[in-house]
Chemist: 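Would you mind keeping the following structure in view while I ask a few things?
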Amino acid sequence: MSRCLADRTLLLICDGESTEAYQAHLQTCTACATRYQQLIHDLKVIGQVLQEAPPSQASRSRSHVLRLRWMPMAAAVAVVLALVWGGMRVWWLSPPPFSLTASHEDVLQFMEEEVASALFSTTEARVAAMPAPVSDMTYLQAALEGEWPCERQEPFLSSGCDVHPFPLLMEGQ
Amino acid sequence: MKTVPDEQAYYEELYRAHAARVKQLCRLLLTDPHDAEEAAQEVFLKLFRQCQIKNQPIAWGPWLTQVTLNTCRDRRRSAWWKWWRDNTEEFQEAEFSGNGLTPEAEMLSREERERIWRLFRALSARQQEVFVLRRIEGWTTKEVAQTLGLTTGSVKRHLFRAVCSLRKAIGGGL
């Protein structure tokens, strides 16, 4: 055996699992013999120290007081970050709070400013003269006589209407 | 004259024979000295109960070692929440450190001794058990493997890694 013994082999020899080849090598190789003796010495010292009482912990520096294991700390930090991120995400995605009961003035203003201009464009449509408003008495009279003026008929409605609203509307002019 | 029951006398004999070794094992396998003391008491309580029954183990030494290992493992599992415990408590010197220091150990500085203990505590539980049973208790590789439920190859691997780590404390190295 020309190659030196591996560290693991030296430990096996120390534990009583030697072979004739190993023993022969130790007798011929100075380096391996030195390493083997050093291993025996170290194991003896370590065993002796561990059989003593542990050293007093009061002499430890403050940096060793709280020996925080990184796994539980990392897990706790990860949970906190996940909660914060989840909370922020929910806050971002939630619609801004607004009052369900908008005031009447707000609704009128909105209709006047936004809706009116979009629906009633004054540039294209012909501006027809609006008929003068009919007095309420006219409608009342028509209702009493049973001739309630028709509403404007939709094309798909089949029911006829004998009373035309235009005469009533033009009556006031 | 009132005679001591046979079981109690038998228990006391076993206690005298194995108390120091059990306490040392607990001290090695558990970081906290209070836990080690309580674990040792738990082991002796189990020994007392075992002495009361008829089917007793043939070899008390290995039985006590196995019970001590299991008790220390249970203690470690239940103490995971104690990782933030302050370790600056003063604890008293062990009563059972009857072995005198060898000349080699005496030459070691206090810092080296502390390093050895620190590196030993940094070993995994399995490595600690293998090292203690193999090098401190003097068990064979086969006995350690049977007790811990490992293969002989695993025992050798754990022992090698433990020795490599511990030798760094005194400047050696494999």
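These numbers come from a predicted model, not from an experiment.
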Chemist: Tell me, do A/Glu17 and B/Lys156 make a side-chain contact under 4.5 Å, heavy atoms counted?
Modeler: yes
Chemist: Please find the pair of heavy atoms, one from A/Gln51 and one from B/Arg27, that lie closest to each other, and give the distance.
Modeler: O-NH2, 3.3 Å
Chemist: To the closest 0.5 Å, what do you measure between CG (A/Leu43) and CG (B/Leu159)?
Modeler: 8.0 Å
Chemist: B/Ile116, A/Ile40: one ILVMFWY side-chain cluster at the under-4.5 Å cut-off?
Modeler: yes
Chemist: Side chain from CB out, backbone as N, CA, C, O: work out which of these in B/Thr141 comes under 4.5 Å of a heavy atom of chain A, or both, or neither.
Modeler: side chain
Chemist: Give, for atom CD1 of B/Ile136 and atom CD of A/Gln48, the distance between the pair rounded to the nearest 0.5 Å.
Modeler: 9.0 Å
Chemist: Using side-chain heavy atoms (C-beta onward) and a distance below 4.5 Å, is B/Phe160 in contact with A/Leu12?
Modeler: no
Chemist: If every non-hydrogen atom of A/Leu50 is compared with every non-hydrogen atom of B/Leu28, which pair is closest and at what distance?
Modeler: O-CD2, 3.3 Å
Chemist: State, yes or no, whether a side-chain contact exists between B/Phe120 and A/Ile46 at a heavy-atom distance under 4.5 Å.
Modeler: no
Chemist: Is B/Arg157 close to chain A through its backbone or its side chain, or both, or neither, when contacts mean heavy atoms under 4.5 Å?
Modeler: both
Chemist: Linking I/L/V/M/F/W/Y whenever any side-chain heavy atoms sit under 4.5 Å apart, do B/Val43 and B/Tyr15 land together?
Modeler: yes
Chemist: For residues A/Leu10 and B/Ile170: do they belong to one hydrophobic cluster (side chain heavy atoms under 4.5 Å, members Ile, Leu, Val, Met, Phe, Trp, Tyr)?
Modeler: yes
Chemist: Should B/Arg167 and A/Leu39 count as side-chain neighbours, where that means a heavy-atom distance under 4.5 Å?
Modeler: yes
Chemist: Are B/Val22 and B/Leu30 joined in one hydrophobic group, where the rule is that I, L, V, M, F, W and Y side chains link up if heavy atoms are under 4.5 Å apart?
Modeler: no
Chemist: Check this for me: does any side-chain nitrogen of one of A/Asp15 and B/Arg135 sit under 4.0 Å from a carboxylate oxygen of the other?
Modeler: yes
Chemist: Please answer: with hydrophobic residues joined when any side-chain heavy atoms are less than 4.5 Å apart, are A/Leu83 and A/Met73 in the same cluster?
Modeler: no
Chemist: If you draw a 6.0 Å radius around CD in B/Glu37, do more than 12 non-hydrogen atoms from other residues or ligands fall strictly inside?
Modeler: no
